[in-house]
Amino acid sequence: SHRTKMAEALDATEAIDEEIPELNLGVLDLTSQDDYILDEAAGHIRENLEDELVQEALQKGVDLRQYSRQIEADLREVENQSIEDYIKESQHIARLHRQIQSCDTILERMEQMLSSFQADLGSISSEIQTLQEQSWSMNVKLKNRQAVRGELSQFVDDIVVTEGMVKHILDTPTSEQQFMEQLHELDHKLNFAKLQQFKDTAAIADVKDVLERLKIKAVTKVRDSLMALIAQFRKPMANYHVPQNSMLKFRYFNEFLMAHHRPTAAELKDEYVDTMSKILYSYFKTYQSRLMKLQYEVVAEKDDLMGIEDTAKRGFFSSSKPSLKSRSTIFTLGDRACVLTTELEDPVIVPHAAAKSLKKFSFESLYRSLNYTLLDNACREYLFVVDFFAVSGDDALALFNAIFGRTLQILQKHMESYVCTCYDAIGVFLCIHINDRFRKIVHRRSVPALDRYFEKIDSLLWPQFDRILDLNVVSIRDCDPSKLGNIDVMPHYITRRYAEFSAAIVGINEANPDDRVGCIHHT
């Protein structure tokens with residue numbers, strides 16, 4: 001029966017082999033490993049002979065053949081059991097083989113797919129790299145085009161003459177804001193075209209003639225507008241400050257003329273200088289003449305000195321000009337010092353109004369009014385020419401002197417002719433201090449234009465003041481004591497004169513000390 005089972009097993013195995021050709025069972029294939037098994041068994045036998053149990057069995061005299069047959073029987077039994085187990089699991093093994101083969105097929109397809117994916121990924125990576133290179137190239141081109149576009153767009157904006165500009169330059173009145181804006185734009189385009197001509201830019205030729213005609217038209221309109229404003233200065237009874245303020249609103253017109261047509265700018269400046277010079281000269285000449293008519297008729301004369309007797313009388317043929325009632329008023333300050341404090345910046349004297357009310361003034365009050373008017377107009381004029389004609393430093397002073405030169409000369413000549421016949425020491429000293437305070441005012445207004453004028457007036461006043469003092473000193477030195485009256489307990493009138501005069505000079509000089517006064521007083 002055992003052989004029958006073995007035969008059946010072999011038939012089943014052959015059938016399975018036919019069904020599953022070339023089944024590779026590896027270590028499970030016992031038929032192909034007989035020699036290996038025998039060699040392995042021999043090796044086990046040798047190992048077993050060396051085993052302690054085998055050695056002990058040999059020592060005890062156990063029959064090894066009987067023991068070997070027993071072991072062979074055991075092995076055969078184990079082998080038969082293994083064969084049976086193999087036969088029982090043959091179908092599962094065949095199924096496992098099919099599954100493994102199916103898995104191999106699937107894995108092979110997956111390997112092919114992954115290989116395809118790898119190839120696709122390599123192709124995609126190459127495409128991405130190509131796209132990156134193209135993107136970088138396009139980005140560089142875009143930046144270059146944007147830069148060129150910006151430069152070209154700006155260039156076109158700077159050079160193109162629009163219809164709106166032409167219309168406003170030709171037709172819009174110069175007083176309107178649109179004309180001013182387009183004049184700025186025209187100035188920019190003219191400067192840009194001039195710059196591009198040095199670079200030999202061909203496009204300038206297309207607009208050069210148009211820009212030149214627009215420039216001529218703009219220069220003509222600007223000149224006519226400013227000349228019309230200057231003409232308003234010459235109108236009778238006109239307040240020239242009004243058109244002057246209007247000119248300041250259009251100061252850019254002069255800048256445009258200076259930049260693009262200097263002959264017209266020079267013509268405009270000459271016309272303004274000539275007009276203002278005549279207006280100011282006429283105004284101050286008239287104002288000075290009318291002011292001097294308001295001076296007190298009774299003034300100090302050459303004989304009104306400290307050492308002259310109070311009782312001295314004029315001869316029969318002496319001048320009929322009224323004399324001072326008391327010489328003491330010549331040496332007393334009184335309220336005349338107000339011209340340096342509360343009245344210093346008061347409104348100026350209006351001649352016709354004062355004449356109508358029959359008011360009279362001391363010389364220092366008239367001098368203050370005249371020079372305060374000069375100060376106010378001179379500061380205004382200097383700041384105007386600096387602003388409108390865009391000059392500074394020596395150029396501003398030269399332009400100011402061209403306008404105010406004749407006026408200052410006539411004032412200096414008048415002062416020179418008056419001072420040489422003035423013997424009112426307190427009045428002269430007050431004028432010196434008025435000069436000093438007015439000089440500080442013009443400096444606060446940042447106007448250096450009147451410095452030389454005040455220095456010239458000082459050079460007239462100080463020598464005359466010294467001369468009057470010398471005359472008083474000589475009068476005291478040469479007086480005849482026998483004619484000075486009787487000795488009295490009251491201070492002598494010469495002493496009172498000296499005291500009042502000294503107090504007046506010291507009081508005036510106290511607010512703004514001058515070293516020259518100290519030297520004179522010490523002398």
For the backbone of [Y] and the side chain of [X], can you confirm whether one donor and one acceptor N or O come within less than 3.5 Å of each other?
X: Asn254; Y: Phe388; result: yes
X: Asp387; Y: Leu383; result: no
X: Thr174; Y: Ser225; result: no

Can we say [X] and [Y] salt-bridge, meaning some charged N sits less than 4.0 Å from an Asp/Glu carboxylate O?
X: Arg223; Y: Glu267; result: yes
X: Lys221; Y: Asp171; result: no
X: Asp209; Y: Arg213; result: no
X: Asp458; Y: Arg439; result: yes
X: Glu364; Y: Arg336; result: yes

Kindly compute the distance separating CD1 (Ile403) from OG1 (Thr275), expressed to the nearest 0.5 Å.
10.0 Å

Report the distance from atom OG of Ser277 to atom CG of Asp270, rounding to the nearest 0.5 Å.
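CG of Asp270 is found 12.0 Å from OG of Ser277.
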
If the plane angle is over 60° it's perpendicular, under 30° parallel, otherwise tilted; pick one for Phe389 and Tyr272.
tilted

Would you call the rings of Phe253 and Phe250 parallel, tilted or perpendicular, where under 30° means parallel and over 60° means perpendicular?
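The arrangement is parallel - the two ring planes meet at less than 30°.
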
Mark yes when over 12 heavy atoms from residues, nucleotides or ligands other than Arg251 sit less than 6.0 Å from its CZ; otherwise mark no.
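Counting neighbours around CZ of Arg251, more than 12 heavy atoms of other residues, nucleotides or ligands fall under 6.0 Å, so yes.
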
For Tyr453 and Asn435, test the side chains for any donor-to-acceptor distance below 3.5 angstrom and give the result as yes or no.
no

Face-on cation placement of Arg406 at Tyr281 ring, 6.0 Å and 45° thresholds
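Yes, Arg406 and Tyr281 form such a contact.
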
Consider ring-ring contact (aromatic ring centres under 6.0 Å, His included). Of Phe438, Tyr367, Tyr287, which one does Tyr372 pass it with?
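The single option meeting the ring-ring contact (aromatic ring centres under 6.0 Å, His included) with Tyr372 is Phe438.
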
